[in-house]
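Reckoned from all heavy atoms, side chains included, excluding hydrogens, waters and symmetry mates. In what follows, chains carry the letters A, B, and so on, assigned in the order in which the sequence lines appear, proteins first and then strands, with residues in each chain numbered from 1.
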There are 4 protein chains.
Amino acid sequence: MKKKAEERREQILRAAFQAVSDKGYETVTLQDIADYAGVSKGVTNYYFENKEDVFLSLLEWVTDRIYQQEYKAVSKQTTAIEKLEAYLYSVFINPEKNKKFYKVYLDFMAQASRNPQYRQINLKFYENCWKIGRDIVSLGQKEGTFSPDIHVDTASKMIRSIIDGCLIQWLMRDEDHLHEFYKNTCYEVILKYLK
Amino acid sequence: MKKKAEERREQILRAAFQAVSDKGYETVTLQDIADYAGVSKGVTNYYFENKEDVFLSLLEWVTDRIYQQEYKAVSKQTTAIEKLEAYLYSVFINPEKNKKFYKVYLDFMAQASRNPQYRQINLKFYENCWKIGRDIVSLGQKEGTFSPDIHVDTASKMIRSIIDGCLIQWLMRDEDHLHEFYKNTCYEVILKYLK
Amino acid sequence: MKKKAEERREQILRAAFQAVSDKGYETVTLQDIADYAGVSKGVTNYYFENKEDVFLSLLEWVTDRIYQQEYKAVSKQTTAIEKLEAYLYSVFINPEKNKKFYKVYLDFMAQASRNPQYRQINLKFYENCWKIGRDIVSLGQKEGTFSPDIHVDTASKMIRSIIDGCLIQWLMRDEDHLHEFYKNTCYEVILKYLK
Amino acid sequence: MKKKAEERREQILRAAFQAVSDKGYETVTLQDIADYAGVSKGVTNYYFENKEDVFLSLLEWVTDRIYQQEYKAVSKQTTAIEKLEAYLYSVFINPEKNKKFYKVYLDFMAQASRNPQYRQINLKFYENCWKIGRDIVSLGQKEGTFSPDIHVDTASKMIRSIIDGCLIQWLMRDEDHLHEFYKNTCYEVILKYLK
DNA sequence: CATGAATGAGACTTCATTCAT
DNA sequence: AATGAATGAAGTCTCATTCAT
């Protein structure tokens with residue numbers, strides 16, 4: 001029953017995601033994760049090599065999920081503007097989810113700044129995000145919506161930089177009602193840059 | 001001699017800065033910090049309440065130092081463009097120093113996402129950065145260099161968001177030679193936004 | 001089918017013997033034993049009460065096997081000297097097997113020094129060995145080959161002491177080529193003692 | 001105060017010796033050792049790298065102490081026979097001490113059979129014991145007490161083999177009153193071998 | 001019969017903190 | 001003012017044992 005095992009792993013990762021978001025990367029214990037998952041302490045070590053393995057798997061799982069959501073949202077739209085908007089609405093999904101993810105993501109980036117394994121996984125996430133950005137910008141240029149002077153690769157990097165910069169600042173300010181402000185302003189800045 | 005004590009504290013904070021940058025917020029031990037400072041283990045507990053106190057003091061000290069540098073650089077210039085450029089050159093000082101600071105800063109933001117004390121200190125840093133931004137944008141509007149439609153407060157937030165977003169992405173990519181790229185593109189994006 | 005079960009137990013014991021020899025009494029896990037036996041983890045607990053039961057059974061099984069070999073070898077000979085020689089050749093069978101057995105045997109003796117159950121099983125082994133010794137010495141005295149002053153019981157104890165002492169020292173020195181030396185010298189010492 | 005630290009280490013080793021003798025090499029915990037030493041759990045890790053370091057130090061310490069005792073006892077005597085007797089009396093010191101040491105020693109030999117570090121330390125002990133044996137045998141040959149045909153190096157190996165063989169068998173039989181028997185018979189066997 | 005998922009006790013180890021010197 | 005020995009809480013990980021399938 002490979003299926004069962006895969007479900008179990010995901011159950012644990014889901015619990016780990018919530019636990020890390022609540023308590024922080026280094027503070028969270030395997031016991032915490034087990035508690036969140038409603039399983040016994042030993043289970044985590046049964047499905048994962050060790051704590052680090054849980055975290056690496058978690059980073060991979062969570063960034064992949066985020067990417068999938070973003071990709072799906074963008075795919076549904078046709079014009080560059082629609083796609084860009086869909087992308088931003090998908091990224092700035094809502095205060096609760098953004099908080100949950102960016103808390104964890106900040107933890108992981110802090111790790112990634114010293115640990116190549118985390119960095120590697122994050123890079124894969126970046127590549128995916130950049131790809132979305134590139135596609136939107138290319139399309140916009142073909143449509144004539146965006147300036148032909150913009151360098152596509154560069155723009156894709158900037159789009160994600162601005163997004164992350166905005167959401168991190170928003171998170172640091174810890175005021176849910178500013179979410180709308182950052183979403184809109186982020187969109188404006190990107191749009192102005194691309195036109 | 002209050003002076004002596006203050007020097008001692010700074011000696012420890014300087015060591016802590018390097019130690020945290022090298023090893024990470026949670027990984028670093030008081031022993032590490034003592035080693036980096038070339039003092040005995042007990043000293044840290046003598047000059048600081050506890051580990052958390054060291055870290056809070058460190059965050060305050062390091063963000064203040066960064067702000068002072070940025071402020072000084074901007075002050076020396078007269079036109080808005082010159083000031084903006086000076087600001088960015090001061091922020092993107094060089095790969096080594098950016099790496100050292102942003103590693104620590106990511107650690108602290110990860111903490112701040114859950115701990116109000118860190119958040120408070122970071123907010124003070126933000127306020128200072130925003131003030132620099134506001135002054136530049138206001139001046140630019142007075143000069144006629146920047147668009148009068150730009151909302152000054154909003155712009156100041158965005159400037160720092162874009163900066164942090166770029167430097168974090170740069171750090172994650174871990175390639176020193178990209179520093180130049182991010183500095184330049186960051187400047188372009190901001191400029192395009194303000195004009 | 002009682003037979004099937006008995007075979008299964010022996011299969012596990014054989015695996016346990018190799019596993020303990022390789023990894024050591026306390027280090028070996030039930031999983032190791034299962035792996036060596038090519039069966040699943042649960043099987044061991046199915047055929048044995050618990051880990052201790054495996055080990056007690058193993059000690060009994062392995063000492064019995066050793067004794068049987070020695071007994072058979074001695075039985076084939078007729079004179080005391082021949083029997084003594086056969087005994088020693090059977091004990092000092094070859095470096096590989098001696099190493100395998102004495103590693104495990106040392107482990108068990110270490111246990112036996114504190115646990116009466118192991119001690120009991122080892123005593124049974126001793127009794128068997130002493131019996132072999134007694135028979136040889138008695139025969140030798142009847143033949144006039146060995147000194148009539150030798151106390152038979154005492155001699156039987158000494159013979160095994162010398163053998164074990166030699167093989168343990170040989171094992172500790174970890175040089176296969178010394179096997180010959182210890183076998184020959186052991187024989188000489190015993191012979192000199194008996195004459 | 002290097003002295004204080006050295007005393008502390010010895011205090012811990014002494015406690016570890018008793019604890020291992022009582023509970024066994026693998027069964028004993030660092031908590032046990034701390035309890036026996038009357039100190040807190042952390043102390044053991046303060047004075048030793050880890051558990052293995054405690055045990056390696058213990059083996060070294062205990063075998064050295066044993067050797068010193070034996071050496072001193074032999075040194076006091078003048079003739080070969082006297083020295084041999086003194087050696088054996090020193091080795092077969094009394095049931096209590098022999099039991100305590102050989103329990104621990106069996107544990108260590110079991111380890112040594114797989115771990116070169118333990119083997120190395122034991123080898124050093126062997127060399128010392130063999131040296132004592134060699135000196136006695138050489139002297140005996142010079143005196144004309146022992147047969148000139150005996151090979152000195154070989155004899156020294158055998159003496160320790162017989163001693164260890166006897167004491168291990170004695171320990172396995174777990175009857176204090178047999179101590180006298182093994183001591184005497186061991187002496188006889190060695191003497192007969194040397195003459 | 002056999003499997004292997006799940007449990008949870010318990011061991012080692014690290015380290016912030018205290019405190020006598 | 002400074003040291004570093006000592007404490008003990010807490011976390012990770014291993015593994016014997018149980019039990020549903």
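- Between Thr27(A) and Gly42(A), the residue anchored closer to the 5' end of DNA chain F is Thr27(A), taking for each the nucleotide with the nearest heavy atom.
- Residue Phe55(D) contributes atom CZ, which lies 12 Å from atom C1' of dA11(E) at whole-angstrom precision.
- Side-chain N/O atoms of Glu52(D) and Tyr118(D) include a donor and acceptor closer than 3.5 Å.
- The distance between atom CG of Asn45(D) and atom P of dA10(F), rounded to the nearest whole Å, is 18 Å.
- Asp32(C) pairs with exactly one of Lys41(C), Lys51(C), Lys23(C) by the salt bridge (Lys or Arg N to Asp or Glu O under 4.0 Å) rule, that one being Lys23(C).
- Atoms CD (Glu26(C)) and P (dC15(F)) sit 11 Å apart, rounded to a whole Å.
- By the 30° and 60° cut-offs, the orientation of the rings of Tyr25(C) relative to Phe55(C) is tilted.
- A straight line from CG of Leu30(D) to P of dG8(F) spans 16 Å, rounded to a whole angstrom.
- At the phosphate of dT3(E), neither OP1 nor OP2 sits under 4.0 Å from any side-chain N or O atom of Lys41(C).
- Taking the six-membered ring for Trp, Tyr102(C) and Tyr105(C) have ring centres closer than 6.0 Å.
- Taking 4.0 Å as the cut-off between side-chain N and carboxylate O, Arg114(D) and Asp107(C) count as a salt-bridged pair.
- Atom CZ of Phe48(A) and atom P of dT12(F) are 15 Å apart (whole Å).
- DNA chain F is contacted by both Val39(D) and Val43(B); Val43(B) maps to the nucleotide lying nearer its 5′ end (nearest heavy atom per residue).
- Under a 4.0 Å N-O distance rule, the pair Glu10(A)/Arg14(A) qualifies as a salt bridge.
- Within 4.0 Å (heavy atoms only), Val28(C) reaches sugar-phosphate atoms of the nucleic acid but no base atom.
- Mapping Asn50(D) and Asn50(B) onto DNA chain E by nearest heavy atom places Asn50(D) closer to the 5' end of the strand.
- Checking the phosphate oxygens (OP1, OP2) of dA1(F), a side-chain nitrogen or oxygen of Tyr46(B) falls inside 4.0 Å.
- Dashed line: the shortest gap from a side-chain N or O of Arg8(D) to OP1 or OP2 of dA6(F) is under 4.0 Å.
- Between Arg65(B) and Gln68(B), the side chains place no donor N or O within less than 3.5 Å of an acceptor N or O (distance only, hydrogens not considered).
- One interatomic measurement links the two molecules: CD of Gln31(D) to P of dT14(E), which rounds to 16 Å at whole-angstrom precision.
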Let me have DNA chain E in dot-bracket notation, would you? Count Watson-Crick plus G-U wobble pairs, both distances under 3.5 Å, and use [ ] for pairs crossing earlier ones and | for inter-strand partners.
.||||||||||||||||||||
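- At whole-Å resolution of the value, CD in Glu49(A) and C1' in dT14(F) are 13 Å apart.
- The OH-P distance, from Tyr47(C) to dT17(F), rounds to 18 Å in whole Å.
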